[in-house]
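Just below is one structure, and these are the notes that go with it.
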Protein chains: 2
Amino acid sequence: MYRIDKAVILRQKAEAKVSSEKIVQILEDDILGGTLRPGEKLDEQSLANRFSVSRTPVREAIRQLAANGLIEIRRNMGATVRQLTAGEVVDMFMVLAELEGLAARLCARRMTMAEIDEAKARNDDCLRAAETGDQVAFLEANNAFHDVLLRGTRSAYLATEAARLGRRLAAYRRVITHPRQMMSSHAEHQRIIAAISQGEEDVAQAAMRTHVDVIAGSAADIVLALEANAAPLSATR
Amino acid sequence: MYRIDKAVILRQKAEAKVSSEKIVQILEDDILGGTLRPGEKLDEQSLANRFSVSRTPVREAIRQLAANGLIEIRRNMGATVRQLTAGEVVDMFMVLAELEGLAARLCARRMTMAEIDEAKARNDDCLRAAETGDQVAFLEANNAFHDVLLRGTRSAYLATEAARLGRRLAAYRRVITHPRQMMSSHAEHQRIIAAISQGEEDVAQAAMRTHVDVIAGSAADIVLALEANAAPLSATR
DNA sequence: ATTTCAGTTTGTGTATACAATAATGGAAAT
DNA sequence: ATTTCCATTATTGTATACACAAACTGAAAT
């Protein structure tokens, strides 16, 4: 009688052995990048095999991701990638708009000329990407632009929180697909930079808030459409 | 030759055996309540003894608290309660002001009459506490007031995040000690409620923002004074 | 055919054991 | 007396083992 070696069955890619800290990073990237789809189950043993470690560090990574709201743990029933409703996405964008708005205000107060030039450069990158219709390049340049502003706040806490929420919503920001939208984003960026360089806090804050709200609106439409369609992503297992 | 039983030495109160989820709660309360002081080291084995469990669930609790920013983990060097600088406290209050401001705006848009009455009642509690100079009662009523507003937003995400940050800063809000400050807080609350019940979003948001900023100002003074004094709390081990 | 229930199996929760790394303390050298 | 270095100790990081709860399966009963 032959006993089947379970380890062989479960083993997949089996990345090189990796520390617990990296596991958090990798899983987070997988979730935010869409490799792990909403509703998907995270099996501790499979992940342990994949990373060539025991379940212990995997468990710790899972708990940490749960604390950050990316996954949901139900006692004795495992962890699943969290599925956001359209309403939640809208709520989160509202908060993001507020945080980024505050950031813009602080930038108007504290940014150096060098930093403002840096922001302009990143927005020029946005323009180039928009002109060639390169969505990936645009999103990258867009992220870089926002990062420059967050650094310009001189508030590590605000920068960290806003960046975290921004990353969390990154998937929903991919709604920007048409060159037209990229162009108008670029224009909004320019208005924000102008206000910052003039030190007009109120204007900078308002401009940033509406900029984020515009994106939120498109994102909400997409998510609502997805929800209306048959079974959501959770059925894709 | 006598071997000393280490377990006996390490054992302290030894609370009844408690699940891993509760451990997070208890440790969080200890940190925010001041039982565990900033800079203090968290020894896994001691905590395991205290909760009558093994190190495993304690470790998971620690990782979770670290994800929430309450403690700091340095690889192979254990976990310590995080010590905030005055600058960080100010930054966090700025974000809190923004979040609560947004909450007030949403309340003006969405709150029912019943909820507004509830908020008024909680603010009346604040007034009573202020008149008798009861600081503990005031802080409690104050928390209740803010909670009502957070519920009134209809945004679970905003409510959760604002509440979390508020809890995190609770220790620094104890700067409100003089009945005079309590009275002015009460008055600010009233202005906020008035704006909400009139549906004046902008006014409500602005009023709430300045309300939080006032507290932030006092808190910053205290923290700065503490930092100026000799060695900070981290030396208290 | 459908439902119910027990046996099995899978997977999580916790405990214990072992490995690796940083803190500690004391001896030797200056 | 002070400093440097090494050995010891303590504590964290990871692996393994066991306990227990939830899910799955299939047969029996209606």
Side-chain angles (χ1 to χ4, degrees), chain A residues 1 3-12 14-27 36 39-67 71-82 234-235 237, chain B residues 1 3-12 14-27 36 39-67 71-82 234-235 237:
Chain A
M1 186 189 201
R3 283 196 64 251
I4 297 174
D5 187 351
K6 194 164 139 198
V8 168
I9 294 178
L10 290 175
R11 174 165 306 134
Q12 28 199 38
E15 313 184 2
K17 185 164 179 172
V18 85
S19 74
S20 72
E21 295 156 9
K22 302 269 177 183
I23 294 175
V24 176
Q25 277 294 329
I26 295 174
L27 288 181
L36 286 170
E40 196 161 346
K41 199 150 181 299
L42 297 181
D43 182 71
E44 296 179 356
Q45 189 60 58
S46 309
L47 291 173
N49 293 338
R50 170 177 162 196
F51 296 121
S52 306
V53 295
S54 78
R55 277 177 53 217
T56 310
V58 171
R59 278 182 66 82
E60 294 187 345
I62 287 177
R63 302 310 256 250
Q64 206 162 331
L65 292 172
I71 65 182
E72 198 173 7
I73 296 178
R74 275 139 58 205
R75 193 181 165 82
N76 284 320
M77 290 172 66
T80 54
V81 178
R82 184 109 184 282
S234 57
R237 63 150 305 182
Chain B
M1 187 187 194
R3 283 196 63 252
I4 297 174
D5 188 350
K6 194 162 139 200
V8 169
I9 293 179
L10 289 175
R11 175 165 305 135
Q12 29 199 37
E15 312 183 5
K17 184 163 178 172
V18 84
S19 75
S20 71
E21 294 156 13
K22 303 267 177 183
I23 294 176
V24 176
Q25 277 293 328
I26 295 174
L27 287 181
L36 286 170
E40 197 161 345
K41 198 151 181 296
L42 297 180
D43 182 69
E44 295 178 357
Q45 189 60 57
S46 309
L47 291 172
N49 294 337
R50 171 177 161 196
F51 296 121
S52 306
V53 296
S54 77
R55 279 175 50 217
T56 311
V58 171
R59 279 181 66 83
E60 293 188 345
I62 287 178
R63 302 310 255 250
Q64 206 162 331
L65 292 172
I71 65 182
E72 196 173 8
I73 296 177
R74 274 138 61 205
R75 191 178 168 83
N76 285 320
M77 291 172 65
T80 54
V81 178
R82 184 108 185 280
S234 56
R237 60 154 303 187

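Protein chains get the first letters and strands the later ones, always in sequence-line order, with residue 1 at the start of each. The model shown is predicted, which means the values in this text are computed figures rather than measured ones.
The side chain of A/R55 approaches C/dT12 more closely than any other nucleotide in the set C/dT12, D/dT14, D/dA23. Comparing D/dA21, D/dT14, C/dG11 by their closest approach to the side chain of A/N76 singles out D/dA21. In the set C/dG11, C/dT14, D/dT14, C/dT14 carries the atom at the smallest distance from any side-chain atom of B/P57. When distances are taken from the side chain of A/E44 to each of D/dT14, C/dG11, C/dG13, the shortest belongs to C/dG13. Considering only side-chain atoms of A/S54, the nucleotide from C/dA15, D/dT11, D/dT16 that sits closest is D/dT16. For A/V53, the side-chain atoms get nearest to D/dA15 when compared with the rest of D/dA15, D/dT14, C/dG13.
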Only distances under 3.5 Å count here; give the side-chain donor-acceptor pairs of residues 56-67 of chain A to other protein atoms, sequence neighbours excluded, each with its distance to 0.1 Å.
unit_1	atom_1	unit_2	atom_2	d
A/R59	NE	B/E60	OE2	2.9
A/R59	NH1	A/E44	OE2	3.0
A/R59	NH2	B/E60	OE2	3.4
A/E60	OE2	B/R59	NE	2.9
A/E60	OE2	B/R59	NH2	3.4

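For the pair A/R74 and A/V18, both in contact range of DNA chain D, the more 5′-proximal nearest nucleotide belongs to A/V18. Annotation: of the two residues near DNA chain D, A/K17 and B/L42, the 5′-most nearest-nucleotide partner is B/L42.
Put simply, CE on B/M77 is 14 Å from P on D/dT11, counting in whole angstrom units. Atom CD1 of B/I73 and atom P of D/dG13 are 7 Å apart (whole Å). The separation between A/I23 atom CD1 and D/dT14 atom P is 8 Å, rounded to whole Å. C/dT12 atom C1' lies 13 Å from atom CD1 of A/I71, rounded to whole Å. Computed from coordinates, the A/Q45 CD to C/dT9 P distance equals 18 Å when rounded to whole Å. Rounded to whole angstrom, the span from the CG atom of B/N49 across to the P atom of D/dT11 amounts to 11 Å. One can place CD of B/E21 at 12 Å from C1' of C/dT12, the figure rounded to the nearest angstrom. Counting to the nearest Å, the P atom of C/dT10 and the CG atom of A/D43 are 12 Å from each other.
In this structure, A/S19 does not reach the D/dG13 phosphate: none of its side-chain N or O atoms is under 4.0 Å from OP1 or OP2. Dashed line: the shortest gap from a side-chain N or O of A/T56 to OP1 or OP2 of D/dT14 is not under 4.0 Å. Here A/R63 reaches the OP1 or OP2 of C/dG13: one of its side-chain N or O atoms lies under 4.0 Å away. OP1 or OP2 of D/dT12 has at least one side-chain nitrogen or oxygen of B/K41 nearer than 4.0 Å.
Remark: A/I23 CD1 to A/Q25 CD distance equals 11.5 Å, nearest 0.5 Å. With rounding to the nearest 0.5 Å, the separation of CZ in A/R50 from CD in A/E15 is 4.5 Å. Between atom NZ of residue A/K41 and atom OG of residue A/S46 there is a gap of 9.0 Å, rounded to the nearest 0.5 Å. Atom CG of A/D43 sits about 9.0 Å away from atom CZ of A/R55, to the nearest 0.5 Å.
The residue A/I62 sits apart from the nucleic acid: no heavy atom pair falls under 4.0 Å. Using a 4.0 Å heavy-atom criterion, one finds that A/R59 contacts the bases of the nucleic acid, with or without backbone contacts as well.
Residues A/I71 and A/L27 form no side-chain contact, since every pair of their non-hydrogen atoms from C-beta on lies 4.5 Å or further apart.
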